[in-house]
Every structure is written in C-alpha cells, then in structure tokens.
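Beneath this line is the structure, given in structure tokens, with notes to follow.
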Protein chains: 4
Amino acid sequence: MQEQERAQARHEKILDAALSVFGRKGYSATGVDDIAAESATSKGGVYFHFPGKQAIFLAVLDRAARMLRAKADEAIASETDPIAKADAALLAVLSTFARHRTLASLFLVESLGAGREFHQRIVQLHDEFTNLIKLHLDEAVASGAIDPVDTEVAARAWFGALNEVITSWLLSGRPKRLEDAYAPLRPLLMRSVGARERQSTVRPG
Amino acid sequence: MQEQERAQARHEKILDAALSVFGRKGYSATGVDDIAAESATSKGGVYFHFPGKQAIFLAVLDRAARMLRAKADEAIASETDPIAKADAALLAVLSTFARHRTLASLFLVESLGAGREFHQRIVQLHDEFTNLIKLHLDEAVASGAIDPVDTEVAARAWFGALNEVITSWLLSGRPKRLEDAYAPLRPLLMRSVGARERQSTVRPG
Amino acid sequence: MQEQERAQARHEKILDAALSVFGRKGYSATGVDDIAAESATSKGGVYFHFPGKQAIFLAVLDRAARMLRAKADEAIASETDPIAKADAALLAVLSTFARHRTLASLFLVESLGAGREFHQRIVQLHDEFTNLIKLHLDEAVASGAIDPVDTEVAARAWFGALNEVITSWLLSGRPKRLEDAYAPLRPLLMRSVGARERQSTVRPG
Amino acid sequence: MQEQERAQARHEKILDAALSVFGRKGYSATGVDDIAAESATSKGGVYFHFPGKQAIFLAVLDRAARMLRAKADEAIASETDPIAKADAALLAVLSTFARHRTLASLFLVESLGAGREFHQRIVQLHDEFTNLIKLHLDEAVASGAIDPVDTEVAARAWFGALNEVITSWLLSGRPKRLEDAYAPLRPLLMRSVGARERQSTVRPG
DNA sequence: GATGAATGAGACTTCATTCAT
DNA sequence: CATGAATGAAGTCTCATTCAT
C-alpha cells in the first residue's frame, strides 16, 4: 500500500503546486510545465495523475471549495443563533480568503476567466454557498428574528457584497487587511434583513 | 476630414466586432482573426488601428463603460431624491446589462479572466461606479434621508449585490428575465442603509 | 517446468492481445498500454516479456508467418501435381486471411507503415512465400507441365496479384467474401504460366 | 497578383519538401518541423498553407497521383492497339517510379502505414489505375485481341503484380534497375489474358 | 491604409520506456 | 515476476504579432 500512498502524496503535491501557480500567474498564463516544475515532477507525471490542465484546475477548485466549506461549517457549528450562524459563515469565508489570498484569487477571479467550461462549476459553488446562508436566514425568519424577507435574494446579495469587497481587496489591495472590511459591512447586511442590531459575538479568526 | 471619418468608422466597426466576439467566445478564445473577420477587415487592418489584442479589449471595455455611465447619468438626472438617484443608477446598470448581455459578460466575467493586465482597469471601473453611488448616498445622509452609514462600504455592497445577481443570471440563466431580479433586491438595499421604505418611482427601462 | 510454462503462457497471451490490438487499431495507433490491458497484464509485465513495442510486433508477425506457412505447407502436402501445389498454397493463404482478417491487415498493411525497421522482415516474408511458389513452378517446368517461364518473376507476380486482391478486400470490403475472389483469379494465373487449363481440384478451405 | 504567386510558390515548395521528407523518413517519422525545415519555412508557415500533417500527406499523394496519371495517359495516347495501351500504362508507372523512388515509396508503402485515414484514398487510387487498365482490356476483348476474361480481375492482378515487383525493389533493392523487371513480367501478363505474344513496341521511358 | 502570408515561441498532450517497490 | 508511477523527448497545432507588397 506504500505505493498508493506515495501516489496519493504526489497527487496532492501537484494540486498544491497548481494552486500556487494558478494563484500566482492566473489560469491561462499557467503552463502545465509550470505546475510540473513547482511540484518537482515531470510533465508526464502530471498527466499521469490528471487528464489535463482543465481537470487540474477543477480539482484545485474542488479541493479548495471543500476546505472553505469545512471552515464555514465549523464556524457555523460554534454558533447557536441562526443569524449568528449566517454571520459566522460569511466571516469564515472572509477570514479564510484573507489568509489564503491565492484561494480568493482562484475563486473570485481566475475561475471566471478560465473559460466557459468552468462556468457551470462556478455557479454550483456560488449556489452552494448562497444556499448555506439562505438556510440560516430561513431559520431566522421562522424564529421571527428577522423580517420575512426573500431569503434567496438576501443570501445572494450578502454573498455578492462579500465578493465585491474581497475582489476589490484582491485587485487593488484595499483595504490593507481584508478583515477590516467586515466590521463596517456587517451592520449593513444585518439591517438589510431587518435584524435587530446587536454586537457581533463572532470574532475574525 | 473624410479620411479621418473613414478611419474613425473603421475603428468603431472593429470595436463593434470585438465586443460581439469577445462576448460570444470569451477573451482568450477570441482570436484577432475572429475580430478581423467579424469586422470585415484584415488582420493587418486591425493591427493598424490597434496595437494589439489587449488594447482592443481595453478599448471595448472603455467604450462600454462610457455608454453604461451615460445610461446611469441619464437615469440619475431624471430623479431628484438622492436615494432615488442611487436607486436609478443601479437599475440603469441592470437594465442595460439585461438588454446587452454581451456587455455584462465583458464587464463581470471576461474582464477578470483576461489576465492581470486588466485588473487595474477593472478596479477603476468598479471604483467609478461605486463612487457614483456613494455620492448620492452621501447626499442622502447629509439630507437625513438615511442613517449615517459608511457610504463607501454601502456603495460597494450595493454594487456587489447587483453584480452577483447579474453574474448569476449570466452564468446560470436564472432568473429568466434579469429585470425580475431587481424588485426583490431593492428593498434589501434600501433597508441596509436605513432608508424609509417607499414605493420606487423608478421603472425598469 | 511449471514456472516456464506459466511464463510461456503469458508470452502467448501478450502475443494474442497484440495481434488483436494491432489488427484493430494499426501499429502506430496501438499503445503498449493497450496491449497490456488486452492481455490482462501490466505495462511492466509486457516489458518483462518483450524488449519493446517493435519486438512485440515482430514476434506477432513471425508467429503469424509460421502459422500461415504451416497452412500453406499442409495444403501443399495434400496435392501431388506441382501446379496444384502452388495453386493450393495461394488458396491456403487466401483462405487463412479470409478467416483471420486481422492477420491480413498485419501482413499487408500494418507491417508497411510500422516503419523502416520492419522492411527487411517484410522482404524476408515475401521472399519466403515467393520461393515456396517458385519451387513448385520450377518443378512444373521441369516436368513440362508449364512453359519454361521465369519462375522467379512468375511467383512474384502471382503473389502480387494475390496481395492486391486481398488488400483491396481489406481496405474497401470488396468482394464481400474474399474467397469469391480466387475463382476468377485462378485461370489468369494459370494461363500466365501456360498451364493447361484444368478444373481445380483444390477447394477453398 | 504577385502575392498570390508567391503564396502558390510556397505552397508548392512545401509540397516538394513534404514529398522528399515523407519519402526519406516515412510518414510517422516525419515531423511537421522536418517539412518546415526542408521547405525553408517556419512551422507556422506550413500550417498557414495546410491544416495539418495528414492534409499535407494527402496533398502530396494527390499531386503525385495526378502526375502519375498524366504520365500514364501520355503513354497510352502514343499507342493505338488496346493491349499496347494497357501495356504502355503499366510501363509508364514503372518507369516513373523507377525515376522517382520517393513517389513509389509514398504510394506503395507509406500510404498504407500512414493510418486508417488514408485507406479510402488508397483504394481510390488503386481503383483509378485499375480502371484505366480495365478500360483497355475491355477494348481488347471487344476487338477479339484477347480472350473474354474477367477484365476487372485481370486489371487488378496486373496492377498487383506490378506493385509487388516495385515494392520488392523498394524494400530490397532488387533488381538494381527497376526497369529490368518489366521485360520478364510482360509476357506473363500478356499470356494471362491470352494475348497473342508479340514483341512489345513500347520502350521503357 | 490595407492585405494576408509568414514567423516563432510556446501550448497541450502522448507514449515508449524505465525502475523502485 | 509483476506492478504502475514516473520520465522526458517529441509531436501536433495555435496564435499574437510583424512586414513586404
């Protein structure tokens, strides 16, 4: 089984390298050669593990999405109030992206330009996250914590607002610390769904 | 002046073609040949008028941005209330994109994937539009129509929410009619800045 | 000896697989992977038994040639008249190829395109078969059954005529049944060497 | 129009180079790079004129076929007797191949190994030439010059015999001079269709 | 000004072969 | 003996850009 382990390790190594290079140079400017070099493999080795460049990108995207999702779930689990859960999810995303700029670039920038082939997957990722938020907003509505708003749209709007803030940070470098962007954004989001203004118990993390 | 006019006409024709092809195939999948063919010119002709593919894309983007800005300004001019002005600007963007899907694709999708070279310009465009909204939000705050929120962030959040809705429409086709997305979004945005709920006087157009 | 037997069995299995794949996909389109898969072995296994792809093809060719030769010898043995022997040899080849289309493809098509490395072997195979025919034509000349023709050329011409018929069948599918091609061909060949026209006693087999 | 001429010249130059390299190295061993180098062009230049390697090979084959056909037609035109016409056609092919070994290699060897994609064209070429011979054999039958044989098969057999002789010369180098192979072959072919033995008036040419 | 042939760097991918396990 | 991961050279093809006409 040691062989399988080594292969798996190589698989991951390639994914790591790909994440790094895609994040650094962008999808189209990244060559399979670059990935091979960064992962200390040969080009053929890369193609042994993945059928092509697109597949690598997709795999990177998926792995990152799983990671991000785990962070969000974890953050959600540590809260009880529905609104706080949604809030925590947003903050988890923002914090994770703040720590892994590459990931943010991949999700919010590169994946779009990578070509039409990825659009479906992007939609899927956005939907998944939007639904996560919607779920808790629905609960909040049910519990009377917020007004009976269109949670679908609200979730999308929240996600969009977050994305814009992160994208702006990515492309322009403002604000210096991405985490600083959430404090002023939060009350806006809360008010948008009629949530009673409270002090957030969630800390950036 | 006839010479110059002909040159100008050709210039525009190439830009039209480029907008069409970029919107249809995406930035990287578009070849200069495609643009030449669509504009009934030769490749050399395209290179006479533009220094390269990037420059064409930038020119298309700029022209489109001017057009979009004009639409927004026009919409703003027809309103008097600051909030209504900001509201109208958003709706103008959405309506324009709804009518020119290609434009939306260019602004929100292709420009990102086109490469790092365009990031600066994207930031510029986002900033320009965000500032437009911020301006009127500031007025609204000054006039006491809305709470003294961080208008910078609010404007960005509004823009982000709008973008997400449009992007989603672009990539997934939902909702069928993009205009239908604004009705449920509007109250959220209004509430986010503490605007007194009113019936919008602005009609999609 | 069991070890050796198993090895031998594997050897044959690979050869069978190779024959099948080469015949199906052609030499260059066949990958060593294909052969490994078809023979239920691993690539390494194949390379244990054979030094390389060329060697496999050569081995397949040789084994097939031996088989074909055996069929021809058998057919020859069942005849007494020299002309009938040559005649029988041709028919045996044709019949065998009719039943094993793959073999025909290998011999008459793939072996040529496989590369210069195989040319010598092809010549050898053609010579071997031509000589077989020549031998009996020589006897026929000696016995006065046919005119004192240049048997070397006659043998080659016979072989060539047969090849063309078979190749045509391979590439175009005409005639439907390859065996049907021999009946009209036979009298031509016979007349070409001045053989007294007789009813063939040989039956396609 | 000078530009068109230059382009046409380049087109031909590439075809010349391709013929040379394909003939020298074989289809699969030939790289587009080789053709580019031999034609003193760039790789891109080759791809400007031809869509791909296969297309180049096909074009070479077609051009060569036209040339060969012209030679045959010319030879046929200079004879009056039907049998002599068919005879002349064969000899023309043989002579042309003798002078252009590369052509022979292309037609009889490389075209087969080039892959399934070419099979149809090969059949077409074989059929074209076979029909040419059949035409004149039919006339010979009609005029009573030869027996009422199956001219279709006879033509194919003649062609096959010729091919084998040429192929053998190509692969083994025997006989030294290909033209020497026709003298002993001719009477065989004639006898095969029951043609009254005569002295050929056709000279190798 | 316009044309389109030509360039050439570089992209992705394949695959025969090797070799550590 | 067998496995299959890994190698790397080589292949086909694309395309932004240049430039002679």
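Naming convention: chains lettered A, B, ... in sequence-line order (proteins, then strands); numbering from 1 in each chain.
The shortest distance between the side-chain N/O atoms of C:His49 and the OP1/OP2 oxygens of F:dA2 is below 4.0 Å.
Closest to the side chain of B:Ser42, out of E:dT7, E:dT3, E:dT13, is E:dT3. The side chain of D:Arg10 has E:dT7 as its nearest neighbour among E:dA16, E:dT7, F:dT3. Here E:dT18 is the nucleotide among E:dT18, F:dC13, F:dT18 with the atom lying nearest to any side-chain atom of C:Tyr47.
Taking atom CD of D:Gln8 as the reference point, atom P of E:dG4 lies 16 Å away to the nearest angstrom. We find that CZ of A:Phe48 is positioned 14 Å from C1' of E:dT14, with the value rounded to whole Å. As rounded to whole Å, 16 Å separates atom P of F:dA16 from atom CG of B:Leu58. Atom pair D:Glu5:CD and F:dA20:C1' shows a separation of 15 Å (rounding to whole Å applied). In this structure, CD1 of B:Ile56 is placed 9 Å from P of F:dA16, rounded to the nearest angstrom. The interatomic distance linking D:Asp34 (CG) with F:dA10 (C1') rounds to 11 Å, in whole Å. The interatomic distance linking A:Phe50 (CZ) with E:dT14 (C1') rounds to 18 Å, in whole Å. Regarding D:Lys53, its NZ atom lies at a distance of 8 Å from the P atom of F:dC13, rounded to whole Å.
Residue contacts shown for B:Asp33 are absent, as no nucleic acid heavy atom lies under 4.0 Å away. Residue-level contact check: C:Thr30 touches the backbone only, with heavy atoms under 4.0 Å from sugar-phosphate atoms and none from bases. Using a 4.0 Å heavy-atom distance criterion, A:Gly44 is classed as a base contact.
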Residues C:Leu58, C:Glu117; criterion side chain to side chain contact (heavy atoms under 4.5 Å, CB included); working and verdict: CA-CA 10 Å; C:Leu58 237 36; C:Glu117 305 83 348; over 6 Å; no
Would B:Gln54 and B:Tyr27 satisfy side chain to side chain contact (heavy atoms under 4.5 Å, CB included), going step by step from the backbone distance to the final call? CA-CA 9 Å; B:Gln54 280 193 20; B:Tyr27 179 78; 3.3 Å; yes
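Residue D:Phe50 comes nearest to D:Ile56 through the heavy atom pair CB-CG1, 3.5 Å, listed as atom of the first residue, atom of the second, then distance.
Taking only distance into account, the side chain of D:Lys43 never meets the base of F:dG11 through a donor-acceptor pair shorter than 3.5 Å.
Mapped onto DNA chain E by nearest heavy atom, C:Tyr27 and B:Gly45 fall at different nucleotides, with B:Gly45 at the one closer to the 5' end. Comparing D:His11 and B:Thr41 against DNA chain E, the residue whose closest nucleotide sits nearer the 5' end is B:Thr41. Nucleotides of DNA chain F nearest to B:Ala29 and A:Val46 differ in position, and the one nearer the 5' end is that of A:Val46.
The only option from D:Asp34, D:Thr102, D:Leu106 that meets the side chain to side chain contact (heavy atoms under 4.5 Å, CB included) definition with D:Phe22 turns out to be D:Leu106.
Using a 4.5 Å cut-off on side-chain heavy atoms (C-beta onward), A:Val109 and A:Leu171 make contact. For the pair A:His100 and A:Leu68, the minimum side-chain heavy-atom distance is 4.5 Å or more. Looking at B:Asp16 and B:Val60, their side chains never come closer than 4.5 Å, going by heavy atoms from C-beta outward.
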Name each donor-acceptor pair under 3.5 Å that joins a side chain in residues 37-44 of chain B to protein atoms two or more places apart or in another chain, with its distance.
residue: B:Glu38; atom: OE1; partner: B:Arg24; partner atom: NH2; Å: 3.0
residue: B:Glu38; atom: OE2; partner: B:Ser20; partner atom: OG; Å: 2.9
residue: B:Glu38; atom: OE2; partner: B:Arg24; partner atom: NH2; Å: 3.1
residue: B:Ser39; atom: OG; partner: B:Ile35; partner atom: O; Å: 2.8
residue: B:Ser39; atom: OG; partner: B:Ala36; partner atom: O; Å: 3.2
residue: B:Ser39; atom: OG; partner: B:Thr41; partner atom: OG1; Å: 3.0
residue: B:Thr41; atom: OG1; partner: B:Arg10; partner atom: NH1; Å: 3.3
residue: B:Thr41; atom: OG1; partner: B:Ser39; partner atom: O; Å: 2.9
residue: B:Ser42; atom: OG; partner: B:Gly45; partner atom: N; Å: 3.1
residue: B:Lys43; atom: NZ; partner: B:Asp33; partner atom: OD1; Å: 3.3
residue: B:Lys43; atom: NZ; partner: B:Asp33; partner atom: OD2; Å: 3.1

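Stem regions annotated for DNA chain E: E:2-21 with F:2-21, counting only runs of 3 or more consecutive pairs of Watson-Crick or G-U type with both contacts under 3.5 Å.
A gap of 13 Å separates the C1' atoms of E:dG1 and F:dT21, to the nearest Å.
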